[in-house]
Amino acid sequence: MSNVIVIGSQWGDEGKGKIVDWLSNKADAVVRFQGGHNAGHTLVVNNKVYKLSLLPSGIVRGKKSYIGNGVVLDLWALANEIKSIEKKGILINSDLLSISETATLILPYHKELDTAREHKLQGVKIGTTGRGIGPAYEDRVGRRAIRLCDIFDKQVLKNKIENALFHHNPIRKGLGIEEINSQTIIKQLNEISSYIKPYVKNIWKDLLNLQESNKNILFEGAQGVLLDIDHGTYPFVTSSNTISSQANIGSGLGKISNHYTLGITKAYLTRVGEGPFPTEQDNEIGEKLGIIGNEFGTVTGRKRRCGWLDLVLLKQSADLSGINGLALTKLDVLDSFEKIYVCIAYKYNGKTYDYLPPTLGINDKIEKEYIEIDGWSQNTRGSKNFNDLPKNAKKYINILRELTGIEISLLSTSPEREDTILFKNPFI
Ligand code: GDP
Ligand code: IMO
Ligand code: MG
């Protein structure tokens with residue numbers, strides 16, 4: 001028995017969905033433990049594309065799938081996702097999918113507040129996905145959230161919605177948005193509650209039972225370490241903890257025994273939304289990476305900002321998240337670059353930094369130290385064997401191994417499930 005925690009080591013969209021799908025072959029259960037439908041995880045199986053935002057990626061292989069308490073849940077988005085995945089031939093039932101009864105709900109007023117703040121307020125714009133993620137997490141720590149278990153008791157729901165609106169209506173008024181009547185929300189929740197009810201369970205006991213029966217559990221992170229609310233490039237982050245220790249908190253499995261933390265890492269770097277990005281290439285290199293890598297957001301369709309791989313940030317992520325090994329993705333996107341650059345240190349005011357200082361002013365002015373690596377100018381897309389890779393591609397991988405001191409467990413060479421090279425199985 002062993003467990004694997006998959007997390008993004010960068011700013012999201014590293015290819016977690018593809019790797020989780022590949023790994024889930026060996027898993028008995030797959031668990032989402034944070035984030036919500038801001039996530040967009042893409043899987044390609046025999047040319048068929050699956051885009052998942054809330055459903056764990058293991059669901060495509062028919063693996064037991066859990067949505068943990070750490071997830072913020074938009075029930076209508078989930079219902080639409082279930083319907084769209086069912087259209088692709090994956091039948092979802094309550095044996096397959098379980099949702100934590102204590103998951104926090106994203107309600108329509110969260111989404112409205114998210115977009116209103118992004119568009120109406122002066123000051124810091126985050127470039128959120130506009131899904132209501134931040135406001136829902138705010139309600140959770142503010143102890144006014146509606147949790148999934150609350151929607152099945154009419155009196156409890158009424159009291160809780162009124163309490164939440166006592167907070168939200170004055171804010172809406174201030175932002176010039178129409179106030180909401182509690183009955184409107186209650187009616188919407190009543191309409192969807194019977195559809196959702198079969199999936200709602202105690203998750204932490206189930207996971208504990210699975211672990212005690214020696215089953216392999218795969219934890220599927222969303223976003224990436226650099227978007228972590230505590231450890232990311234604050235305030236340009238998401239509103240949850242995205243590092244691996246969140247797997248315990250967001251699933252309720254207090255002790256994840258015998259586990260391997262796998263950091264999914266793009267062979268270059270992207271970010272969507274605002275915020276610092278020291279190795280960003282806001283030029284023809286970035287354009288080229290974006291076009292070849294098809295760097296457009298799965299969730300919002302926004303163009304992703306592109307740049308060179310940043311080993312300072314990668315090592316920072318690995319340390320913060322206890323990463324045991326990397327899954328390197330999208331190597332093929334670099335196929336036509338004659339020279340490839342990798343950032344190995346930062347300098348500011350004559351001082352060298354091996355981490356990104358948290359003050360934004362410094363980030364903007366920081367000098368980057370790069371190494372130049374010869375490209376391979378050959379096709380690696382679809383490679384399934386390390387020995388078949390061009391010499392310089394192997395060299396690139398070995399340089400990353402050496403400079404980070406982290407083992408590379410997997411290499412992905414195309415979006416397709418099987419275009420994956422295994423060096424070390426994370427399910428030990
Ligand atoms: P996630 O959010 O981390 O699951 O990543 P996304 O699915 O949002 O974005 C990754 C994109 O890259 C998706 O379109 C994947 O199909 C694609 N992808 C994954 N691995 C590879 C790879 O090795 N090569 C190429 N070219 N595309 C990949
Ligand atoms: P996956 O799981 C990339 C970014 C948004 C924005 C910031 C805050 O597909 O890797 P939010 O809506 O969460 O309040 O937005 O976080 N962001 C992501 N970027 N991949 C994601 O998920 C993301 N989820 C959120 O673009 O900058
Ligand atoms: Mg994504």
Side-chain angles (χ1 to χ4, degrees), residues 12 32-40 53-54 67-81 99-100 102-151 157 159-182 184-189 192 196 222-223 227-230 232-242 246 249-250 272-275 297 299-300 302:
R32 274 284 306 273
F33 53 88
Q34 45 72 231
H37 66 315
N38 49 350
S53 285
L54 282 163
I67 298 179
N69 55 281
V71 170
V72 278
L73 195 61
D74 180 323
L75 295 176
W76 299 275
L78 177 66
N80 286 336
E81 193 173 320
I99 311 171
S100 168
T102 57
T104 291
L105 296 187
I106 299 184
L107 295 172
Y109 50 82
H110 294 124
K111 186 175 153 77
E112 287 159 10
L113 181 57
D114 193 357
T115 40
R117 283 201 299 222
E118 287 280 293
H119 295 121
K120 294 195 177 196
L121 285 189
Q122 308 276 311
V124 179
K125 182 177 177 320
I126 308 295
T128 72
T129 59
R131 299 294 194 260
I133 306 292
Y137 277 119
E138 286 165 33
D139 274 5
R140 187 167 76 167
V141 291
R143 293 163 295 190
R144 71 184 90 84
I146 317 299
R147 305 198 298 175
L148 195 44
C149 53
D150 300 329
I151 70 172
L157 181 61
N159 292 346
K160 293 212 166 179
I161 293 282
E162 281 172 0
N163 180 50
L165 291 182
F166 178 73
H167 173 87
H168 278 276
N169 271 335
I171 295 174
R172 291 171 70 89
K173 201 173 165 192
L175 285 167
I177 322 172
E178 202 185 334
E179 289 180 50
I180 320 173
N181 182 315
S182 60
T184 312
I185 303 289
I186 291 170
K187 185 166 172 283
Q188 289 170 330
L189 285 170
I192 200 159
I196 287 299
Q223 291 81 52
L227 288 169
D228 183 279
I229 184 74
D230 285 287
T233 46
Y234 191 91
F236 303 101
V237 291
T238 191
S239 296
S240 66
N241 286 108
T242 57
Q246 177 62 21
I249 297 167
V272 208
E274 309 301 315
V299 171
T300 56
R302 284 178 295 172

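- To the nearest 0.5 Å, atoms NZ (K111) and NE2 (H37) are separated by 6.0 Å.
- With values rounded to the nearest 0.5 angstrom, E178 atom CD is found 9.0 Å from T184 atom OG1.
- Judged by distance alone, with hydrogens and angles left aside, the side-chain atoms of D150 form a donor-acceptor pair with the main-chain N or O of R147 at under 3.5 Å.
- Scanning both residues, P235 and V124, for their nearest heavy atoms gives CG-CG1, 4.1 Å.
- Side-chain atoms of L75 and L148, non-hydrogen and from C-beta on, do get closer than 4.5 Å to each other.
- Defined by atom type and a distance below 3.5 Å, a donor-acceptor pair is missing between the side-chain atoms of R131 and T129.
- Listed for the Q34 side chain is a donor-acceptor partner under 3.5 Å among the backbone atoms of A222.
- In this structure, the side chains of W76 and P108 come closer than 4.5 Å at one or more pairs of heavy atoms.
- N241 places no side-chain N or O within donor-acceptor distance of the main-chain N or O of I229, the cut-off being under 3.5 Å.
- Summarising the geometry, atom OG belonging to S182 is positioned 6.5 Å from atom CG belonging to L165; distances are rounded to the nearest 0.5 Å.
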Could you give me the CA-CA distance, side-chain angles and deciding distance for Y109 and N169, then say whether side chain to side chain contact (heavy atoms under 4.5 Å, CB included) is met? CA-CA 9 Å; Y109 50 82; N169 271 335; over 6 Å; no
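- The minimum heavy-atom distance between A103 and G68, with the atom names listed, is CB-O, 4.0 Å.
- One side chain, S100 or T102, offers a donor N or O that lies under 3.5 Å from an acceptor on the other.
- Partners of E112 under the side chain to side chain donor-acceptor pair (under 3.5 Å) rule, at least two apart in sequence or in another chain, are R172.
- A donor-acceptor pair under 3.5 Å is formed between the side chain of N69 and the backbone N or O of I249.
- The side chain to side chain donor-acceptor pair (under 3.5 Å) test applied to Q246 returns no partner, not counting sequence neighbours.
- By the 4.5 Å heavy-atom criterion applied to side chains, H167 and N163 are not counted as neighbours.
- The pair E81-R32 does not meet the salt-bridge criterion, since no charged nitrogen lies less than 4.0 angstrom from a carboxylate oxygen.
- Here the CG-OG1 distance, from D228 to T238, works out to 9.5 Å after rounding to the nearest 0.5 Å.
- Proximity of a side-chain donor or acceptor of Y137 to a complementary backbone N or O of G35 within less than 3.5 Å is detected.
- Note: H168 and H110 have perpendicular aromatic rings, judged against thresholds of 30 and 60 degrees for the angle between ring planes.
- The closest donor-acceptor contact from the side chain of E179 to the backbone of P170 lies at 3.5 Å or more, if one exists at all.
- Side chains of N38 and Q223: a donor-acceptor N/O pair is present below 3.5 angstrom, by distance only.
- Inter-residue side-chain proximity for L73 and L78 is flagged as met; some heavy-atom pair is nearer than 4.5 Å.
- What you find for L175 and A116 is that their closest heavy atoms are CD1-CB, 4.2 Å.
- For the atom pair CD1 of I146 and CD1 of I106, the computed distance is 13.0 Å after rounding to the nearest 0.5 Å.
- A145 pairs by the side-chain contact (heavy atoms from CB on, under 4.5 Å) definition with T104, D139, R140, not counting sequence neighbours.
- Heavy-atom neighbours of K173 NZ from other residues, nucleotides or ligands within 6.0 Å: at or below the threshold of 12.
- Atom CG of L105 and atom SG of C149 lie 9.0 Å apart (nearest 0.5 Å).
- Closest heavy-atom contact between S53 and A39: OG-O, 2.7 Å.
- For the salt bridge (Lys or Arg N to Asp or Glu O under 4.0 Å) with E138, the lone residue among R117, R143, R144 that qualifies is R117.
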